[in-house]
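What follows is a set of notes on a single structure, which appears directly below.
The figures that follow rest on heavy atoms only: side chains count, while hydrogens, waters and symmetry mates do not.
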Amino acid sequence: MKVLVTGGAGFIGSNLVRALLARGDDVCVLDNFSTGNRSNLAGLDRDVELVEGELRSYERVHNAVRGVELVFHLGALGSVPRSVQDPLTSGAVNVEGTLNVLLAARDEGIRRVVFASSSSIYGNQAELPLRETMPPDPISPYGVAKLAAERYCVSFTRVYHSFETVVLRYFNVFGPRQDPRSQYAAVVPLFVTAIAAGEPVTIFDDGEQSRDFTYIDNVVAANLLAADADGVSGRIFNVSSGAPATVNQLAEAIGRLLGEPVERRYLPPRPGD
């Protein structure tokens with residue numbers, strides 16, 4: 001089977017690409033390398049067809065979609081802080097880009113699109129754990145954009161009856177090939193890098209806010225299941241470990257694993273968190 005992974009040079013996308021190749025799929029990757037990294041696809045030049053281009057270009061997306069059976073749409077401009085700083089670009093890539101993927105997939109008769117959404121669409125809910133039946137209440141522009149993209153996915157399934165979509169809401173994914181060098185890097189690689197170097201970790205707010213940290217292999221497995229499962233078109237699923245931890249607990253756990261003391265630097269809460 002030939003599949004397309006948008007954002008396939010990113011952290012999650014490149015792990016998914018390797019899993020798809022391992023099961024024998026022909027893989028095409030669409031990426032503009034604004035946040036993805038060519039090194040994530042190192043050694044795969046002969047195995048992966050690479051289309052370099054913007055999600056905001058329908059023509060480029062359509063070229064990448066042509067001839068595939070299945071699309072994993074992971075391409076996005078991630079990060080809550082980035083969306084607070086530049087909501088216009090965040091919205092354009094995450095909403096308009098998703099709409100281009102859906103339109104191209106519909107026009108090419110693609111069987112199914114699996115869309116990578118985010119737990120940020122929930123906002124600050126009074127009740128835990130977060131469940132798919134809860135009304136979304138996003139705080140950040142990133143969460144708003146992901147919610148809008150979700151609604152487009154569900155709408156396309158309802159309006160174009162032979163067109164299938166599945167939405168996966170990721171919760172704080174971590175694992176190999178996650179870049180700690182970006183100013184928008186996720187907390188796990190930032191903490192690992194800082195603690196290993198004997199530097200203080202930066203914690204926003206008091207560190208008692210809880211997060212569900214999900215290992216990359218579980219996210220990859222969820223994508224593979226969502227691609228092939230029956231009776232899931234038009235549905236939304238949380239992808240998480242079900243075992244939340246506070247940010248303080250995360251720092252302590254990484255310190256124990258590395259055998260290093262943990263020095264903390266607390267800063268005020270960030271807008272949009």
Would you say the side chain of [Y] lies within less than 4.5 Å of the side chain of [X], judging by non-hydrogen atoms?
X: Arg60; Y: Val51; result: yes
X: Arg169; Y: Lys146; result: no
X: Thr35; Y: Phe11; result: no
X: Val262; Y: Ile254; result: no
X: Val113; Y: Phe156; result: no
X: Phe33; Y: Leu50; result: yes

**Prompt:** Would you find more than 12 non-hydrogen atoms of other residues, nucleotides or ligands less than 6.0 Å from Glu59 atom CD?
**Reply:**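 It does not: Glu59 CD has 12 such atoms or fewer within range.
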**Prompt:** Taking everything shown except Phe163 itself, do over 12 heavy atoms lie less than 6.0 Å from its CZ?
**Reply:**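 Result for CZ/Phe163: enclosed.
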For the hydrophobic clusters of this structure (ILVMFWY residues joined by side-chain heavy atoms under 4.5 Å, transitively), does one cluster hold both [X] and [Y]?
X: Val239; Y: Val5; result: yes
X: Ile12; Y: Leu41; result: yes
X: Leu30; Y: Leu44; result: no
X: Ile216; Y: Leu16; result: yes
X: Tyr215; Y: Leu258; result: yes

Are the side chain of [X] and the backbone of [Y] linked by a donor-acceptor contact shorter than 3.5 Å?
X: Asp47; Y: Leu21; value: no
X: Asn15; Y: Val220; value: no
X: Ser90; Y: Ser83; value: no
X: Asp25; Y: Val27; value: no
X: Thr165; Y: Thr157; value: no
X: Asn94; Y: Ala76; value: no

**Message:** Less than 3.5 Å apart, any donor N or O on the side chain of Gln125 or Asp137 sitting next to an acceptor on the other?
**Reply:**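 No, Asp137 and Gln125 have no side-chain donor paired with an acceptor closer than 3.5 Å.
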**Request:** Check whether the side chains of Asn248 and Thr246 place a donor and an acceptor atom closer than 3.5 Å, and report yes or no.
**Result:**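 There is no such pair between these side chains.
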**Request:** Determine, step by step, whether Leu102 and Tyr160 satisfy the side chain to side chain contact (heavy atoms under 4.5 Å, CB included) criterion, reporting the C-alpha distance in whole Å, the side-chain angles of both residues, the deciding distance to 0.1 Å, and the verdict.
**Result:** CA-CA 11 Å; Leu102 292 171; Tyr160 309 108; over 6 Å; no
**Request:** Establish, yes or no, whether a centroid distance under 6.0 Å links the rings of Phe171 and Phe213.
**Result:**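 Not under 6.0 Å, so no.
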Closest non-hydrogen atom pair between [X] and [Y], with its separation:
X: Gln209; Y: Phe204; result: NE2-O, 2.8 Å
X: Val80; Y: Pro271; result: CG1-O, 4.2 Å
X: Ala19; Y: Leu224; result: CB-CD1, 4.4 Å
X: Ala227; Y: Leu70; result: CB-CD2, 3.4 Å
X: Ala148; Y: Val95; result: CB-CG2, 4.0 Å
X: Val101; Y: Val61; result: CA-CG1, 3.8 Å

[atom1]-[atom2] distance between [X] and [Y], expressed to the nearest 0.5 angstrom:
X: Leu4; Y: Ile110; atom1: CG; atom2: CD1; value: 8.0 Å
X: Arg177; Y: Ser14; atom1: CZ; atom2: OG; value: 4.5 Å
X: Ile139; Y: Asn124; atom1: CD1; atom2: CG; value: 3.5 Å
X: Ile236; Y: Thr133; atom1: CD1; atom2: OG1; value: 11.0 Å
X: Leu77; Y: Leu55; atom1: CG; atom2: CG; value: 10.0 Å
X: Cys153; Y: Leu99; atom1: SG; atom2: CG; value: 9.5 Å

**Asked** Who passes side chain to side chain contact (heavy atoms under 4.5 Å, CB included) against Arg46, sequence neighbours left out?
**Response**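 Partners of Arg46 by the side chain to side chain contact (heavy atoms under 4.5 Å, CB included) criterion come out as none, since no residue qualifies.
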**Request:** List in chain and number order the residues that pass side chain to side chain contact (heavy atoms under 4.5 Å, CB included) with Ala92, two or more places apart in sequence or in another chain; answer none if no residue qualifies.
**Result:**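 Ala92: side chain to side chain contact (heavy atoms under 4.5 Å, CB included) contacts with Arg56, Glu96.
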**Asked** Any salt bridge between Glu132 and Arg235, counting N to O under 4.0 Å?
**Response**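 No, Glu132 and Arg235 are not salt-bridged.
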**Item:** Electrostatic pair Arg211-Asp205, nearest N-O below 4.0 angstrom
**Value:**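 No, no charged N to carboxylate O under 4.0 Å.
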**Message:** Is there a side chain to side chain contact (heavy atoms under 4.5 Å, CB included) between Phe174 and Leu250? Walk through the geometry before answering.
**Reply:** CA-CA 12 Å; Phe174 71 98; Leu250 174 68; over 6 Å; no
**Request:** Find out whether the Lys NZ or Arg CZ of Arg82 is both under 6.0 angstrom from the six-membered ring centre of Tyr142 and within 45° of the ring's axis.
**Result:**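 Arg82 over Tyr142 ring: no.
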Listed pairs under 3.5 Å, donor-acceptor, residues 187-203 side chains, sequence neighbours left out:
residue: Thr193; atom: OG1; partner: Pro189; partner atom: O; Å: 2.8
residue: Thr202; atom: OG1; partner: Arg265; partner atom: NE; Å: 3.2
residue: Thr202; atom: OG1; partner: Arg265; partner atom: NH2; Å: 2.5

**Item:** Worked check of side chain to side chain contact (heavy atoms under 4.5 Å, CB included) between Val65 and Asn63
**Value:** CA-CA 6 Å; Val65 165; Asn63 286 339; over 6 Å; no
**Asked** Which of these passes side-chain hydrogen bond (donor to acceptor under 3.5 Å, both in side chains) with Ser241: Thr214, Asn172, Asp212?
**Response**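 Only one option passes, and that is Asp212.
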